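We count ligands from 1, going down the list as the structure has it; atoms in each ligand are counted the same way. Everything numeric here is computed off the predicted structure, so don't read it as measured data.
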Amino acid sequence: MNTPRLEIDLGKIYHNSLKLVEWMKAEGICVSGVTKAFLGEPKIARVILQAGVEALGDSRIENIERMRHAGITSRIMLIRSPMLSQVKRVVASADLSVNTEMETLLALSQAAILAGKTHEVLLMVELGDLREGIMPADLENMVQRTISLPNIKLMGIGANLACRSGISPDQTNMGQLSQLAGGIEASLRITLPIVSGGNSSNLNWVFKGRNIGRINHLRLGESILLGREPLQRKPIDGLYLDAIRLFGEVIESKIKPMKPWGTLAQSAFDRNPTTGSRTAQLQTILAIGVQDVDPDGLVAPQGFSVLNASSDHLIINTGNKKLAIGEEVRFQLNYSALLRAMTSPHVEKTFTNSDVISQTPLYPGSLPIAA
Ligand SMILES: *Cc1c(COP(=O)(O)O)cnc(C)c1O
């Protein structure tokens, strides 16, 4: 088999998706499965759909187009504000997009008229993480203008936390989102079917069994793929942590001094400088580098550790265990390492264990919309 490669256990991804959909359903929350970390790879997207998510979500229109070309007809939402230069493509391939700017909404409306379609939108609200979002004080006005746009259907409001500043979803900010939804519905006499609370970092808040309020939708990526919540990166009980593993191949294994010699200047990536004693130690090199993976996001097997990396070389410490040239080493990945490995053309993707997947979704997804 080729290396470096990602082994993607579709059965485990299915299990993780199924559990999350089931747990959220019990709280009245429906799930969109976020596909951006794997470039919208249709094989994975299909598995997540099979598990009963109500829709797929991706931040890149190319990934959405890829899924459409592969024949995926489910609801797909664009979860990053559309670029003005891409509104035609957005209307053509995405059912819904998240938005914060009137110029963009106007352009989407024009594009939807031309395409003879209705394009759904969620308005994103700023709740403190300082990434995308309309300031709460301006929301009602934006809603009013949005609902007047032809061929645009306002489906609700949403928020995203923990991504830029690490602000955690809690009772205060989620309560505010619920209140904003209720307030707008009352004053404008409309209904907002979707109140989308956030991403995998909302799971802790949901699991705590707090008052969910109006939140009835989450967009989940990392928790499905890695089985962890992103705030403390703690494992989520009942989910697989090793659905995706990375394999690299040994190309050098030699006893070398721990300390470099010569005149010391910057290294290629100015990573942690190599220090240590002159004592010699076994050093192993794998044919995988910064171009393929975020070395800081790799979890080496028990007893091994990652020492350093350059574009194409990963230097690891294997203790006293001498690995053969050509031998493979297996790693688990964090989100950052996963994102880079999934998007590197040098890393082969292989799929296993797809036979456990039921052909009929156990929890057929449905939007929290009155039918
Ligand atoms: C990436 C992203 C998500 C998914 O986040 P995870 O932490 O992977 O669950 C959800 N919403 C938005 C807007 C995103 O950009």
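- Atom CZ of R330 has 12 or fewer neighbouring heavy atoms from other residues, nucleotides or ligands inside a 6.0 Å radius.
- Looking at R66 and E41, a side-chain N of the basic residue comes within less than 4.0 Å of a carboxylate O on the acidic one, giving a salt bridge.
- Ranking protein heavy atoms by distance to atom 2 (C) of ligand 1, first place goes to K36 NZ, 2.4 Å.
- Checked options N160, N202, N199; the residue passing with R219 is N160 (criterion: side-chain hydrogen bond (donor to acceptor under 3.5 Å, both in side chains)).
- Of the protein's non-hydrogen atoms, N160 OD1, 3.4 Å is the one closest to atom 12 (C) of ligand 1.
- Other residues, nucleotides and ligands contribute over 12 non-hydrogen atoms within 6.0 Å of the NZ atom of K349.
- Under a 4.0 Å criterion applied to the non-hydrogen atoms of E132, ligand 1 contributes the atoms 13 (C).
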Checklist line | Step-by-step side-chain hydrogen bond (donor to acceptor under 3.5 Å, both in side chains) determination, E54 to S32 | finding: CA-CA 6 Å; E54 63 87 8; S32 288; 2.6 Å; yes
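- Residue, atom and distance of the protein heavy atom nearest to atom 8 (O) of ligand 1 are E222 N, 2.8 Å.
- For S223, no nitrogen or oxygen atom sits less than 3.5 Å from a nitrogen or oxygen atom of ligand 1, counting backbone and side chain alike.
- For ligand 1, the atoms sitting less than 4.0 Å from at least one non-hydrogen atom of L220 are 9 (O), numbered in the order shown with element in parentheses.
- Side-chain heavy atoms closer than 4.5 Å link hydrophobic residues (I, L, V, M, F, W, Y) into clusters, and following such links, possibly through other members, connects I72 to I224.
- Proximity of R131 to ligand 1, defined as any heavy-atom pair under 4.0 Å, is confined to the side chain (atoms from C-beta onward).
- Although no hydrogens or angles enter the test, the distance criterion places a donor-acceptor pair under 3.5 Å between the side chain of S17 and the main chain of I13.
- Scanning the protein for heavy atoms near atom 5 (O) of ligand 1, the closest one is N199 CB, 3.2 Å.
- The protein non-hydrogen atom at the shortest distance from atom 9 (O) of ligand 1 is S200 OG, 2.5 Å.
- In this structure, atom 13 (C) of ligand 1 lies nearest to the protein heavy atom I79 O, 3.3 Å.
- In terms of protein heavy-atom proximity, atom 11 (N) of ligand 1 is nearest to R219 NE, 2.8 Å.
- Considering backbone and side-chain atoms alike, G221 places an N or O below 3.5 Å from some N or O of ligand 1.
- With a 6.0 Å radius and a threshold of 12 heavy atoms from other residues, nucleotides or ligands, K254 has its NZ atom at or below the threshold.
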